[in-house]
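Encoded as structure tokens, the structure appears first; notes follow it.
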Amino acid sequence: MESCFNFSSCTEDVLLFVYPEAEEQPHPPSSYYQHVLRAVRQEFAARITADPGKACLLLPSIDTSCHQSNCLGMGPRGAQALTEQLRDLPYWGSSGRNHILFEIHDHSSPVFDPQRAILLKSGFSAPFYRQNYDVSLPLYGRKRCTDEQRATLVNSRKWVASFRGRITSETHVRFKVWKACEQDSDGMYFRSSANDTAATPYADLLASSQFALVIKGNGLHSYRLLEALSCGCIPVIIADNFVLPLEDTLDWAVFSLRVPERMVASLPAMLRRLPPARVASMQRAAVNAYERHFASMRSYVRDAVGTITARVRKHAHLLSLPG
């Protein structure tokens, strides 16, 4: 981290500078990014400084989220425009050091050039993730279930596992999981959203499932991850190379399963073999993880920026040691 980050202005408080929003913006921030900025200002109010010279971290007010595969509302052209806007920021310097950028594009690598800025990104693929520098985030979605639905115990849930979504190709892993569940269907609810005409409301489906299948789509990330947790389901993550969110903070093995794509044929039997006591323990941990880390945008932002803060303090301490 020390080769890409300037620690000289970092105190123990790890102060944060949020760029003022321009009065007239050609591309106003998406609702997602407005929500991020508002949560940052609320959660870190005591650590925000108006003096960029005193700041350890700098957050642009330019919308870097590239929400729904779209940067600055400009489609494919937006990525280059965003790169240029970042480089024009008054404190970006030659490489964007100490800047933090939220990006939720469904591509497995950033669609714009972050240079040395720290990326807080959903859908990170391992080859593009800078270990101990970037932060992998889940795709933040709406809460699907009520608190009462989330608390429904696994032993009273109808389905072992469920999935509803698009199936676009016979070569896609979703199709392979569908065939596995079709051949071994006991307790498995797997439907294409296009054909599920008598569909149970999605929240009710999740609330009656022990496990929720979180299978990669066009990208590695999926709203299903937090939707599953919000409904008290144990996520079954099927997306090779996906960097698990907040890996510095969370032990995902306690409350989720990760299944390699090459093993999906045995998925139904694998889930049914799990001891009931372990399933119940995993569900309790899943509910706890959701309520502590993902139930609000403030907690989502707190942990994302908090991961960087912890790394900065750790490295700054190591750099201060003699020898």
Side-chain angles (χ1 to χ4, degrees), residues 138-139 141 144-146 148-242 244 252-287 289-290:
L139 190 60
R144 285 285 185 176
C145 288
T146 65
E148 184 178 1
Q149 286 177 309
R150 183 165 58 254
T152 305
L153 298 178
V154 287
N155 60 7
S156 62
R157 296 189 176 213
K158 175 180 180 180
W159 300 104
V160 174
S162 66
F163 174 89
R164 179 188 292 151
R166 288 192 304 164
I167 303 171
T168 56
S169 166
E170 292 187 7
T171 61
H172 198 280
V173 67
R174 287 188 180 183
F175 182 84
K176 297 174 183 177
V177 178
W178 176 38
K179 298 307 289 184
C181 294
E182 188 177 57
Q183 293 169 14
D184 187 359
S185 61
D186 186 21
M188 308 300 291
Y189 184 105
F190 196 105
R191 303 284 192 278
S192 165
S193 52
N195 300 324
D196 202 5
T197 53
T200 301
Y202 187 51
D204 293 345
L205 175 62
L206 288 175
S208 60
S209 304
Q210 297 178 22
F211 297 89
L213 306 183
V214 182
I215 314 170
K216 72 178 185 182
N218 293 329
L220 296 178
H221 70 175
S222 172
Y223 284 112
R224 287 177 180 80
L225 182 56
L226 291 197
E227 288 174 343
L229 291 173
S230 81
C231 293
C233 299
I234 301 162
V236 180
I237 301 166
I238 306 172
D240 292 354
N241 285 327
F242 176 49
L244 292 172
W252 284 85
V254 173
F255 59 89
S256 72
L257 294 174
R258 187 155 197 183
V259 178
E261 294 174 27
R262 60 182 172 79
M263 295 179 62
V264 296
S266 59
L267 176 63
M270 185 188 311
L271 295 180
R272 287 196 298 269
R273 282 198 302 267
L274 289 169
R278 183 185 173 194
V279 175
S281 175
M282 292 179 74
Q283 189 211 20
R284 289 193 297 271
V287 169
Y290 178 78

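All values below were derived from every heavy atom in this structure, side-chain atoms included, with hydrogens, water molecules and symmetry-related copies excluded.
Between the CD1 atom in I238 and the CZ atom in R258 there is a gap of 11.0 Å [rounded to 0.5 Å]. If you take CG on L225 and CH2 on W252, they are separated by 4.5 Å, rounding to the nearest 0.5 Å. A distance of 12.0 Å separates SG in C233 from OH in Y290, rounded to the nearest 0.5 Å. A distance of 8.0 Å separates CZ of F175 from CD1 of I167, quoted to the nearest 0.5 Å.
In terms of modelled atom types and a separation under 3.5 Å, the side chain of H172 and the main chain of G217 share a donor-acceptor contact. For the pair R272 (side chain) and D186 (backbone), a donor-acceptor distance under 3.5 Å is present. Without hydrogens or angle criteria, S256 side chain to A253 main chain gives no donor-acceptor distance under 3.5 Å. Judged by distance alone, the side chain of R174 and the main-chain N or O of R166 form a donor-acceptor pair under 3.5 Å. Side chain of Q283 to backbone of G232: a donor-acceptor contact under 3.5 angstrom is found. Distance alone, capped at 3.5 Å, places no donor-acceptor pair between the R144 side chain and the D204 backbone.
Smallest separation of non-hydrogen atoms from V287 and R150: CG2-O, 3.7 Å. Taking each heavy atom of V236 and L267 in turn, the nearest pair found is CG1-CD1, 4.0 Å. Pairing each heavy atom of R157 with each of S209, the nearest pair is NH1-O, 2.8 Å. Annotation for P235 and F255: closest pair CD-O, 3.3 Å, computed over non-hydrogen atoms. The shortest heavy-atom contact between R164 and P201 is NH1-C, 4.3 Å. Shown here for V279 and I234, the closest heavy-atom pair between the two residues is O-CD1, 3.4 Å.
Ion pairing between R224 and E227 fails under the 4.0 Å rule for side-chain N and carboxylate O.
By the 30° and 60° cut-offs, the orientation of the rings of W159 relative to Y189 is perpendicular.
Side-chain contact between V173 and D240: absent, with no pair of heavy atoms (C-beta onward) separated by less than 4.5 Å. Counting only heavy atoms from C-beta outward, the side chains of W178 and I215 never approach each other to under 4.5 Å. Using a 4.5 Å heavy-atom cutoff, the side chains of L271 and M188 are in contact.
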* To do: Walk me through it: do F163 and V177 pass the test side-chain contact (heavy atoms from CB on, under 4.5 Å)?
  => CA-CA 10 Å; F163 174 89; V177 178; over 6 Å; no
* Intermediate values then yes/no, side-chain contact (heavy atoms from CB on, under 4.5 Å), M282 and V154 -> CA-CA 10 Å; M282 292 179 74; V154 287; over 6 Å; no
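With sequence neighbours excluded, the residues forming a side-chain hydrogen bond (donor to acceptor under 3.5 Å, both in side chains) with K216 are E261, listed by chain and number. Every residue two or more places apart in sequence or in another chain that forms a disulfide (SG to SG under 2.5 Å) with C231 is listed here: C145.
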